[in-house]
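I have placed the structure first, in the form of structure tokens, so that the comments after it can refer back to it.
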Amino acid sequence: MAWERGIIIKSQAELEAMREAGRVNALALEATRRMIKPGVTTQEVDEVATETIREHGAKPAFLGVPGAYPYPATVTVSINDELVHGIPGKRKIKDGDIVSVDCGTILDGFVGDSAYSMGVGEITDEVKKLLEVTEKALYIGIEKLRVGYRVGDVGATIQQYVESFGYHVPREYTGHGIGRSMWEGPQVPNYGTAGRGIPLRAGMAIALEPMVLVGTPQTRVMADQWTVSSKDGSLTAHFEHSVAITQNGPMILTVP
Ligand code: MG
Ligand code: MG
């Protein structure tokens with residue numbers, strides 16, 4: 001599989017195939033959401049996602065993604081200050097944690113990519129607010145995935161909303177086109193200038209993924225060379241859907 005490609009416009013049939021990959025990806029994430037509670041390890045979360053994907057005759061998309069070393073799991077599980085790309089392992093989820101799970105699924109040659117964050121058990125008002133704002137940022141961004149808007153309109157909408165709460169978006173990690181490859185053009189940052197950037201067209205599919213940091217926009221890559229955390233240790237959250245742009249508006253692909 002090629003990891004990076006330009007913008008590829010999809011046919012109706014191709015978008016329907018992407019919808020199926022997205023559906024399986026959503027089912028895998030739902031299965032993880034149901035089992036996450038204090039005491040569960042991030043490795044166990046990964047196993048549940050893997051089982052669900054395999055049961056549907058699909059394959060994990062993240063496994064083997066090139067990096068400092070090939071990505072070793074089906075999902076990423078990122079906790080609290082960890083923003084994205086946390087590697088599942090022996091770590092136990094605790095009461096009060098923010099757990100962010102990101103998953104990719106390949107079915108019939110197409111990829112679905114989505115993510116959610118959840119609070120575990122008793123969460124603070126601060127955590128609740130962060131989760132609400134980050135999820136809402138995804139949906140107001142999706143509303144801009146329409147013919148007539150540009151990539152900058154999407155980023156500007158997300159950035160302005162997030163920053164209105166005093167939160168921040170990272171600059172180094174962005175949303176992206178998606179299709180037969182997990183990363184296609186265009187790159188879709190969670191920041192930008194309205195009216196600028198590539199015009200959105202029917203047949204594009206975009207993995208839109210607001211990432212939000214409480215403290216500053218700065219991130220750092222941890223010693224495992226995959227996990228990305230907030231530089232100041234502040235809390236973070238991440239939501240993502242793969243979305244098709246159609247003549248009738250945005251169509252979310254990564255729902256059950
Ligand atoms: Mg993702
Ligand atoms: Mg993505």
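Numbering of ligands and ligand atoms starts at 1, following listing order.
A donor and an acceptor atom, one from each side chain of H241 and E209, are nowhere located under 3.5 Å apart. Under 3.5 Å, the side chains of T50 and T74 contain a donor-acceptor pair of N or O atoms. A donor-acceptor contact closer than 3.5 angstrom is absent between the side chains of N248 and T246. Checking D81 against S230 by side-chain atom types alone, no donor-acceptor pair falls below 3.5 Å.
Protein N/O/S atoms closer than 2.8 Å to the Mg ion (ligand 2): D113 OD2, H176 NE2, E209 OE2, E240 OE2.
Between the side chain of Q187 and the main chain of W183, no donor-acceptor pair closer than 3.5 Å is present. T236 contributes a side-chain N or O that, together with a main-chain N or O of N80, makes up a donor-acceptor pair within less than 3.5 Å.
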